[in-house]
Structures are given as C-alpha cells and as structure tokens.
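See below for the structure under consideration.
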There are 2 protein chains.
Amino acid sequence: MAEKAIIKYLSGKNLKLTPQRKLILEVFLNQGGHVSSEELYDIVKARNPGIGQATVYRTLKLFSEAGIAEEVRFGDGVSRYERKDSQNHHDHIICEKCFRQVEFSDPTIEDLQEKQARKHGFDLISHRMVLYGVCSDCRE
Amino acid sequence: MAEKAIIKYLSGKNLKLTPQRKLILEVFLNQGGHVSSEELYDIVKARNPGIGQATVYRTLKLFSEAGIAEEVRFGDGVSRYERKDSQNHHDHIICEKCFRQVEFSDPTIEDLQEKQARKHGFDLISHRMVLYGVCSDCRE
DNA sequence: TAGAAAATGATAATCATTATCACCTCTGAC
DNA sequence: GTCAGAGGTGATAATGATTATCATTTTCTA
C-alpha cells in the first residue's frame, strides 16, 4: 500500500516522516483524479491551517520520486498529480470546451509505443499521451 | 506554401503583413525542428536588432492560429513551435539523459487514438504524445 | 536525551509568458 | 494629399506557477 511505500522510501534515504507528509499523503490518496498542488493545498489547509504551500509542492515532488504519484501536464501550465498504480496505467482525453476528462488505456497502443521506441534505439521509460477533442455533451 | 497561407489568413482577418512578421516567418520556416520563442528571438534579433521579444511571442501564437505552426510541449515549462504539415504529422521520443529528440509517426497508433476517442463519445481534434526513454548513445 | 540531519513556513526570487500603453504605420475615404 | 482609425510594435510592468532561501523547529538514531 502507498503508505508503506512512502515509509520505506523515506527510511531508505534518511528522510523523515512528518505529520505534514502524513496528512498530505492521506488527502492525496483520498483524492480520486488529478490534483494540482494548489487544489491539494486548499484541502490540506482546511485540516491544518498552519501548513505551508511550499511544503505541499515539495511533498508532491517527493511522492513522485518515491513512485507513488505521477505528474501529469495537460498544457495549461499547471502540474497535476495522480496516484501511480503500475498495474493501472492510463492516458487522458480532454474536452476542449468543458475540460471534462476521461481516462482510458489501450494495451495495443502501449505495445506500439514500445516498438517505436525500440525501432529508434531507445529504451522506453514512460510516455505522455493526451487526446484533445469535443465531448458528446458539448457537440450540440 | 506557408507564406501564402499566412497572407491568406491575415487578409481574411484584417490583419497585416508587417516586416517583423515576414522576418519571423522566414526564420521560422528555415528552422528545422522545434524552436522556442526565445531561440527564435535570438536568431531574429541578429538580423533585426530592433525587434521586440513580445513580438516574437505574439507572432508564434499567430502562426499557430493560422495553422502553419504547432505548439509542442515537452514538459520543461517551455513552449516550442514546429512547422505544421498536415500530411506529415509526427510525435516525439526524447532521451532523458541527453535530451536528443527523434520524430516518428505511426498510423496504427493514430487509428487507435481515433477509436478510443469515439468510444468515449469524443470527436478527436488533436493529440500530444511524447515518449521518454534512454537513447542508444546514453545506454553505455 | 543530545545533536546532527532534515523539514517546515514565510517570503523572496525565478522564469516563461502576457498585458499594458504610448507611439508608429498603413490604408482608404474625403 | 490629409486625416482617421485599425492594427502593430517595443519597452516594460505584471502575472502566476514553481523554486530557492533561511531562520527556526522537528525527527530519528546513537
């Protein structure tokens, strides 16, 4: 589970488990989709008003490094984070009108990405794929 | 050709073809890969020192709207632009060590993207796909 | 329990991009 | 030709997300 993963990561690097990190982790895990640092900060602040915004930024980056969060960018200049389940990778479709987001995954595409990478001499590590379109509600 | 496209776009919107725009267009077209606004500004400034950085930003955005340039983001916080050839769409693989970039295109992936979008009720407009890996030179 | 190492919170600094604004340049009606 | 108005430009200030700094506090280990 993610809490265990964090504790292990921290102790392996001489890093410390603080109340702030615990709280941010808990809030982050209970958050379904993709959260920006600021959104998370608002929620966290409601439960611990003393917490600083910089700490949220720092902690989300830490979660990324620890492998329990993944940074997602949709191109609006804001970084969002979502839970990283290696069993459950997915990509995104975004509606350009209402910004609704849908997650999907397509193993065939993943295979083809792997093949393309190999074909060009790369060892594939990760990828970002975002589709932009118009959703059924906005098509009118 | 792209110059024609720009002239047509401009006149269709009561916008003007200025010497600055001409110069930026020429430099942009002679630029192979993806350029950031700042890189382009440096080149352009060498030929017309009076030109302002804001103009380069504005003009690249204009080219995007006119359909002759496409904005690409690799996730380092900088927007880059490349020539848009609708016949010649491609995606990118980036080496995480040396940042070398390779372009590729895969019609099968494009098909599958289209299918995924439809499956979720979206009309697909565009997509961004970037693969991250380690290139053969950096694998050692 | 002491003390080094790390974390925190407040705040200043960055850095790419955008907005503002005074001035310039073109075009077309008179 | 002159004038008016729309659009463009360049300099600079503003923005907004993120990061660095630093004095203070906390954590963990010996």
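From a predicted model like this one, the values you see are computed outputs, not experimental measurements.
Rounded to the nearest 0.5 Å, atoms CZ (B:Phe63) and CG (B:Leu29) are 7.5 Å apart. To the nearest 0.5 angstrom, A:Phe122 atom CZ is 14.0 Å from A:Gln113 atom CD. Here the CZ-CD distance, from B:Arg80 to B:Glu38, works out to 10.5 Å after rounding to the nearest 0.5 Å. Between B:Asp42 atom CG and B:Glu39 atom CD the span is 8.0 Å, to the nearest 0.5 Å.
Straight-line distance from the CG atom of A:Leu23 to the P atom of C:dG9: 10 Å, rounded to whole Å. The nearest whole Å value for the distance from the CZ atom in B:Arg80 to the C1' atom in C:dA16 is 12 Å. Distance NZ (A:Lys22) to P (D:dT27): 9 Å, rounded to an integer number of Å. Between the CG atom of B:Asp42 and the P atom of C:dA16 there is a distance of 11 Å, rounded to whole Å. As rounded to whole Å, 15 Å separates atom C1' of D:dT9 from atom CG of B:Leu17. Rounding to whole angstrom units, OH of residue B:Tyr41 and P of D:dT9 are separated by 14 Å. One can place CD of B:Glu38 at 9 Å from C1' of C:dC15, the figure rounded to the nearest angstrom. Per the geometry, CD belonging to B:Gln53 stands 13 Å off P belonging to D:dT12, to the nearest Å.
With respect to the salt-bridge test (charged N to carboxylate O, under 4.0 angstrom), the residues A:Arg47 and A:Glu26 qualify. Comment: A:Lys61 does not engage A:Glu65 in a salt bridge, judged by the lack of any side-chain N to carboxylate O separation of less than 4.0 angstrom.
Between D:dT19 and A:Tyr57, no contact under 4.0 Å exists linking OP1 or OP2 to a side-chain N or O. Residue A:Ser37 places none of its side-chain N or O atoms closer than 4.0 Å to OP1 or OP2 of D:dT18.
Taking the six-membered ring where the residue is Trp, the centroids of A:Phe74 and A:His34 are separated by under 6.0 Å. Ring-centre distance between B:His127 and A:His92: not below the 6.0 Å cut-off.
If you check every strand for non-hydrogen atoms under 4.0 Å, A:Lys45 touches nothing. Counting any heavy atom pair closer than 4.0 Å across all strands shown, B:Ser36 reaches no nucleic acid atom.
Counting heavy atoms of neighbouring residues, nucleotides and ligands inside a 6.0 Å radius, atom NZ of A:Lys22 does not exceed 12 of them.
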For nucleotides 5-8 of chain C, list the nitrogen or oxygen atoms of the protein found under 3.5 Å from its nitrogen or oxygen atoms, one pair per line.
unit_1, atom_1, unit_2, atom_2, d
C:dA5, N3, A:Lys16, NZ, 2.6
C:dA6, O4', A:Lys16, NZ, 3.1
C:dA7, OP1, A:Lys16, N, 3.4
C:dA7, OP1, A:Arg21, NH1, 2.7
C:dA7, OP1, A:Arg21, NH2, 3.0
C:dT8, OP1, A:Thr18, OG1, 2.6
C:dT8, O3', A:Gln20, NE2, 3.0

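Comparing the end axes of the helix from C:dT1-D:dA30 to C:dC30-D:dG1, each fitted to five base pairs by superposing C1' atoms of four pairs onto the next four, gives an inter-axis angle of 20° (nearest 10 degrees).
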